[in-house]
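A quick write-up on the structure given underneath.
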Amino acid sequence: MPYNHLEIEPKWQARWDKKQTNEVAETKDQDHLYHLVMFPYPSGQGLHVGHVESYAALDILSRYQRMNGQNVLFPIGYDAFGLPAENYAIKTGTHPAATTKTAIENFRRQMKTIGLSFDWSREISTADPEYYQWTQWLFLKLYENDLAYRAKSPVNWCASCQTVLANEQVVDGQCERCKNEVVQKELEQWFFRITKYADQLLAGLEDLDWPHKIKAMQRHWIGKSEGVEIEFPVIRHEMSRQGNKFNYQEFNIPVFTTRPDTLMGVTYLVLAPEHPLVDELTTPEFFEDVVAYRAAARRKSELERTGLEKDKTGIFIGATAKHPMTGAEVPIWIADYALMNYGTGAVMAVPAHDERDFTFASKYDLPIKQVIASTEQAKRIKGITKAYTEPGFLVNSGEFDGLTTENAKQKIADTLESDEKGRRQTNYRLRDWLVSRQRYWGAPIPIIWCEQCGAQPVPVKDLPVVLPDDVDFKPTGESPLVGSKDFHVVRCPKCKAPARRESDTMDTFVDSSWYYLRYTDPHNHETFADPKKVDYWCPVDLYLGGAEHAVMHLLYARFFAYALKDLGLINFNEPFLKLRNQGLILGPDGDKMSKSKGNVVNPDEIVEQFGADTIRIYEMFMGPLEDAKPWNTEGAVGVRRFLDKIWNAKDKIHGADEAGLKKLLHKTIKKVTADIQDLKFNTAVSALMIMANAMQNAAMVSSGIYEKYLILLAPFAPHLAEELWEQTGHKESIFNQAWPKHDEALAKDDLVQVAVQVNGKVRGTMEISPDLSESDARARAEAVENVAKHLEGKKIVKVIYIPGRMVNLVVK
RNA sequence: GGGCGAGUGGCGGAAUUGGUAUACGCGGAGGACUUAAAAUCCUCUGGAAGAAAUUCUGUGCGGGUUCGAGUCCCGCCUCGCCCACCA
């Protein structure tokens with residue numbers, strides 16, 4: 001008989017809710033753990049089966065740890081600010097606060113039907129003024145300490161939507177909403193000085209128990225490169241843009257290179273089109289062409305600049321620099337393969353040893369000079385057909401000839417430094433974090449603009465700066481907050497003159513950079529979280545979420561922790577000691593689930609049809625937590641059969657102990673315990689199924705064994721376990737039970753089937769004690785009928801015996 | 001182009017980290033129960049040969065190390081994800 005999940009699951013959910021079973025406090029004399037799942041964006045689509053996977057996994061671990069006496073903080077909340085709600089408002093006029101509220105209620109309902117043991121008293125929403133008050137407060141802390149600043153920068157601009165876009169809203173060079181091409185625009189924006197921590201963020205990765213892949217991505221994103229900044233003097237410099245005014249003032253163009261060893265191979269320089277020296281350097285005969293080229297570069301879409309077509313274009317600007325060592329004339333070009341926001345915005349081109357320079361030089365017929373050869377003796381290769389970028393030995397480099405690339409890097413850097421023509425320099429790809437958005441549905445940046453005093457922080461007592469309601473969501477190129485009347489009735493905090501509020505809001509990644517801190521003390525009105533509570537729980541012991549946050553959220557949150565530690569607000573640098581990524585759950589067709597493909601599985605339907613315990617266990621049983629796995633509803637049917645077996649086995653409870661079952665129980669305890677700790681939930685479920693099959697096949701099951709089994713099952717199937725626990729006569733929740741310990745002697749088999757091999761090929765098996773001596777094992781092995789056949793006329797020259805596993809007889 | 005990861009039955013996957021390959025589940029075949037079906041239960045289920053015992057073969061492909069390789073080493077192929085003009 002199947003059990004009725006529609007009856008028992010709501011029953012237990014209501015009881016857990018009523019008793020607030022999972023609320024935790026900072027108890028002394030108890031070990032504690034902080035388990036964190038990446039909080040969801042409460043979309044109108046509701047909970048995804050992918051959410052269920054990571055929440056169920058950490059729920060199982062949390063329930064297990066509580067049964068082991070741990071005090072476990074396992075909170076949930078909502079990353080509630082963001083674009084989809086705002087876009088929906090633009091389309092329908094429904095206020096984002098309303099859609100978000102509905103979505104959160106739906107998420108909460110869904111998560112409760114899954115039986116997740118979150119501490120619901122700590123639920124937070126980043127869109128709640130109670131929360132974003134402290135986002136704003138933290139912004140001001142960064143601002144006070146020069147970690148938040150305002151500067152002009154090129155940003156993504158969608159002309160159709162009239163707004164800047166975050167990088168993540170630019171998909172294949174197009175605006176994700178209207179599909180118009182995105183262009184670069186120079187705008188003044190707010191930044192966080194994450195680059196200050198580039199080195200520390202890089203070094204800190206070393207000790208983290210994170211997936212290698214994520215660490216590699218962060219290293220690459222930070223992109224540390226050590227090299228030399230070299231000055232190239234400009235020797236031909238004739239007139240300014242204004243026309244006839246001659247100006248012979250000498251100056252240098254600094255370039256950054258990681259390959260100073262190739263310095264003697266420089267045949268031209270490239271400046272980024274936006275480089276400020278271009279105006280000064282361009283000669284009159286090239287002036288018009290340069291203006292045209294720069295305008296074209298500026299108009300270039302993101303797609304053209306970074307797309308797969310890496311066609312290199314550029315133009316000579318009429319000027320020439322002097323090689324810092326040889327004094328040779330080096331023509332100066334502009335080309336948009338040089339990027340203004342990396343290094344100095346200028347490149348020394350060495351076409352013989354850099355692929356980009358080679359492509360460019362080939363196209364524009366610029367000289368290619370080889371200065372690195374693969375061996376010391378190698379002569380100059382005639383007619384180079386591609387750049388040689390491997391290490392080697394220097395040639396055509398005067399006094400540096402014969403040096404290895406490694407030695408030459410040092411030697412040439414030394415020479416440049418002693419001649420004051422250059423200096424060693426470290427550069428990073430990492431840019432400061434642009435945090436301002438001309439958007440409505442985010443935390444307002446707590447700054448007041450005064451004509452006299454400039455940017456003034458909003459006094460702490462005036463926080464939160466609440467989002468106004470009287471706005472028009474239609475994009476105009478400015479934040480919708482600009483249109484609010486109430487919002488701007490404000491005086492300068494310093495001089496009290498009428499002033500204007502900053503109308504930009506913060507990137508939602510700011511909200512999520514510190515939410516784990518708020519969970520430790522979510523209702524605090526005095527500060528973002530009581531330092532004692534933060535100290536008790538933090539850092540997070542295990543963080544589970546999708547790999548798509550590898551370089552955005554996870555890097556930002558680390559930056560926040562480093563910065564807050566420096567400001568004395570917290571006592572640790574690294575927020576997440578151990579990180580794991582759950583794999584994607586694909587549609588039944590093996591493709592990524594999407595509405596347009598129609599392959600989305602709704603957890604509500606599975607819960608309705610098979611029950612919460614089934615969806616929890618099925619998602620764990622599908623495969624390894626970190627792998628991508630296709631959904632198959634038939635598989636959920638199998639899990640439900642397994643649960644029904646356990647339900648039906650309660651009718652077999654009798655006093656007598658069954659020796660075989662007892663042994664299996666201890667094996668199961670051992671296996672399930674080890675697997676939960678390793679997050680190998682798929683094999684833990686498999687072990688539970690094996691035991692369930694054995695109970696089904698047994699004539700009777702003792703209550704002792706059945707009840708121990710229920711305890712093992714409880715983290716996976718909390719509703720069914722509670723129900724059966726109650727039905728077997730218990731008043732207290734099964735979750736008050738201690739996790740069982742296995743008896744090593746009992747978990748071990750008295751007799752095991754071992755393979756007998758002859759020359760490595762299995763020729764038979766035998767049942768022996770795993771403790772049998774080698775000589776006895778050998779004797780038994782030789783006696784196995786089929787083995788004896790293979791030994792006939794042969795001599796045993798060697799015996800390999802792995803107790804409990806196999807015997808291998810090596811014969812000649 | 002670069003980085004990371006993965007290739008095991010019809011399918012999802014397991015394999016104590018070098019020791020009986022395919023656990024567990026799905027699907028399939030046959031049987032029991034039933035007037036019948038569903039549900040449930042039992043048996044079988046990598047391929048080839050054989051009545052059977054058994055033998056050969058088999059973890060993407062080709063080599064190697066080893067008594068023994070899905071696992072380690074070398075060389076390929078295919079797929080997936082992420083990043084991508086960073087000097």
Side-chain angles (χ1 to χ4, degrees), chain A residues 1-2 211-217 219-221 223-225 227 255-259 262 270 305-312 335-339 341-350 353-357 359-360 427-431 547-548 550-551 583-584 586 588 590 592 617-618 621-624 626-639 641-642 644-645 648 671 674 680 682-690 692-693 696-697 752-765 785-786 789 797-802 804-811:
Chain A
M1 279 293 290
H212 289 294
K213 185 185 163 178
I214 304 290
K215 288 206 218 180
M217 282 169 78
R219 272 189 208 106
H220 182 248
W221 193 263
K224 179 176 182 170
S225 30
V255 304
F256 174 75
T257 182
T258 55
R259 295 292 306 273
T262 63
V270 184
R305 280 180 84 106
T306 64
L308 294 169
E309 285 293 317
K310 284 176 195 165
D311 189 33
K312 299 219 171 0
D336 63 4
Y337 82 90
L339 308 173
N341 51 8
Y342 184 76
T344 62
V347 183
M348 62 173 224
V350 186
H353 306 294
D354 180 278
E355 280 166 20
R356 293 153 301 175
D357 297 343
T359 310
F360 192 80
N427 270 332
Y428 299 89
R429 305 169 60 118
L430 185 68
R431 313 281 156 69
E548 68 274 17
V551 283
L584 274 186
L586 307 169
K592 197 169 165 174
I617 294 176
Y618 171 59
F621 186 59
M622 288 172 83
E626 307 208 45
D627 288 6
K629 317 159 269 271
W631 180 274
N632 174 15
T633 301
E634 294 292 339
V637 173
V639 168
R641 282 186 197 134
F642 153 64
D644 282 327
K645 270 179 214 174
N648 293 325
K671 175 77 176 153
K680 290 182 183 169
N682 53 331
T683 49
V685 172
S686 165
L688 289 169
M689 284 176 168
I690 290 169
N693 289 341
Q696 178 179 263
N697 293 330
V752 288
Q753 199 182 55
V754 304
V756 182
Q757 303 180 343
V758 178
N759 283 351
K761 278 197 196 297
V762 179
R763 296 300 178 186
T765 59
E785 195 188 328
N786 191 46
K789 229 163 60 187
V797 293
K798 197 173 173 187
V799 177
I800 289 138
Y801 176 48
I802 310 290
R805 292 257 147 243
M806 48 73 68
V807 180
N808 187 11
L809 305 171
V810 184
V811 301

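Everything numeric here is computed off the predicted structure, so don't read it as measured data. Proteins get letters first, then strands, A, B, ... in listed order; numbering begins at 1 in each.
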Taking all atoms of both residues into account, what is the closest heavy-atom pair of [X] and [Y], and its distance?
X: K671(A); Y: A687(A); answer: CG-CB, 3.6 Å
X: S225(A); Y: Y342(A); answer: OG-OH, 2.8 Å
X: V639(A); Y: Y618(A); answer: CG2-CA, 3.7 Å
X: Q757(A); Y: M806(A); answer: OE1-CE, 3.4 Å

Need the pair for [N]. Rule: Watson-Crick or G-U wobble, both distances under 3.5 Å, any strand; none if unpaired.
N: A53(B); result: none
N: U20(B); result: none
N: U43(B); result: A29(B)
N: U71(B); result: none
N: G58(B); result: none
N: U34(B); result: none
N: C83(B); result: G1(B)

Counting heavy atoms from C-beta on, name the nucleotide in [options] closest to the side chain of [X].
X: H220(A); options: U20(B), C83(B), C26(B); answer: C83(B)
X: A216(A); options: A84(B), G3(B), C85(B); answer: G3(B)
X: Q696(A); options: A87(B), G25(B), C42(B); answer: C42(B)
X: K645(A); options: C85(B), A87(B), C41(B); answer: C41(B)
X: E634(A); options: C56(B), C26(B), C24(B); answer: C26(B)
X: K789(A); options: C67(B), U54(B), C85(B); answer: U54(B)

Taking the [atom1] atom of each, how far is [N] from [M], in whole Å?
N: A51(B); M: C41(B); atom1: P; answer: 35 Å
N: A37(B); M: U59(B); atom1: C1'; answer: 41 Å
N: A52(B); M: G18(B); atom1: C1'; answer: 35 Å
N: G5(B); M: G10(B); atom1: C1'; answer: 26 Å
N: U65(B); M: A15(B); atom1: P; answer: 29 Å
N: A32(B); M: A38(B); atom1: P; answer: 14 Å
N: G70(B); M: G7(B); atom1: C1'; answer: 11 Å
N: G63(B); M: A69(B); atom1: C1'; answer: 14 Å

What contact category does [X] fall into here, base, sugar-phosphate, or nothing, at under 4.0 angstrom with non-hydrogen atoms?
X: P624(A); answer: sugar-phosphate
X: N682(A); answer: sugar-phosphate
X: I690(A); answer: sugar-phosphate
X: A349(A); answer: nothing
X: N808(A); answer: base
X: M806(A); answer: base
X: T765(A); answer: base
X: R763(A); answer: sugar-phosphate
X: E355(A); answer: nothing
X: N697(A); answer: sugar-phosphate
X: D644(A); answer: nothing

What is the distance from [atom1] of [X] to [atom2] of [N], rounded to the nearest Å?
X: N759(A); N: C67(B); atom1: CG; atom2: P; result: 11 Å
X: N786(A); N: A53(B); atom1: CG; atom2: P; result: 11 Å
X: L688(A); N: A23(B); atom1: CG; atom2: P; result: 18 Å
X: E626(A); N: A6(B); atom1: CD; atom2: P; result: 11 Å
X: L809(A); N: G68(B); atom1: CG; atom2: C1'; result: 13 Å
X: K680(A); N: A23(B); atom1: NZ; atom2: P; result: 18 Å
X: E548(A); N: C81(B); atom1: CD; atom2: C1'; result: 12 Å
X: W631(A); N: G12(B); atom1: CH2; atom2: C1'; result: 12 Å

> Between CZ of R763(A) and NZ of K789(A), what distance do you get to the nearest 0.5 Å?
Replying inline: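 Interatomic distance, R763(A) CZ to K789(A) NZ, rounded to 0.5 Å: 9.5 Å.
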
> Once you round to the nearest 0.5 Å, how far does NE2 of H353(A) lie from OG1 of T262(A)?
Replying inline: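 Here the rounded value is 7.0 Å.
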
Any side-chain N or O of [X] less than 4.0 Å from the OP1 or OP2 oxygen of [N]?
X: Q757(A); N: A69(B); value: no
X: S225(A); N: A87(B); value: yes
X: R641(A); N: U40(B); value: yes
X: K761(A); N: U57(B); value: yes
X: N693(A); N: G25(B); value: yes

> So with a 6.0 Å cut-off around NZ of K592(A), is the heavy-atom count from everything else above 12?
Replying inline: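 No, NZ of K592(A) has 12 or fewer neighbouring heavy atoms, counting only those of other groups under 6.0 Å.
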
>> Please identify which of these residues, N808(A), L809(A), V811(A), V810(A), meets the side-chain contact (heavy atoms from CB on, under 4.5 Å) condition with K798(A).
In response: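 The residue from N808(A), L809(A), V811(A), V810(A) that satisfies side-chain contact (heavy atoms from CB on, under 4.5 Å) with K798(A) turns out to be V810(A).
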
> Of W221(A) and M622(A), whose closest RNA chain B nucleotide lies nearer the 5' terminus?
Replying inline: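 Whichever sits nearer the 5' end wins; that is M622(A).
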
> How do F621(A) and N427(A) order along RNA chain B: which one's closest nucleotide is nearer the 5' end?
Replying inline: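 Mapping each residue to its closest nucleotide by heavy atoms, the 5'-most match is F621(A).
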
> Is it true that the side chains of D357(A) and Y337(A) contain a donor and an acceptor less than 3.5 Å apart?
Replying inline: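 Y337(A) and D357(A) do have a side-chain donor-acceptor pair below 3.5 Å.
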
> Where does U17(B) land, syn or anti, given syn is within 90° of 0?
Replying inline: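 Judged by the O4'-C1' to base torsion, U17(B) sits in syn, the angle falling within 90° of 0.
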
> Mind telling me whether G58(B) is syn or anti, cutoff 90° either side of 0?
Replying inline: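 For G58(B), whose glycosidic angle is more than 90° from 0, the conformation is anti.
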
> Does a distance-only test, which skips hydrogens and angles, find a donor-acceptor pair under 3.5 Å between the side chain of K213(A) and the base of C82(B)?
Replying inline: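 Under the 3.5 Å cut-off, the side chain and the base do not form any donor-acceptor pair.
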
> Who passes side-chain contact (heavy atoms from CB on, under 4.5 Å) against V347(A), sequence neighbours left out?
Replying inline: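 With sequence neighbours excluded, V347(A) shows a side-chain contact (heavy atoms from CB on, under 4.5 Å) to V270(A), A338(A), given in chain and number order.
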
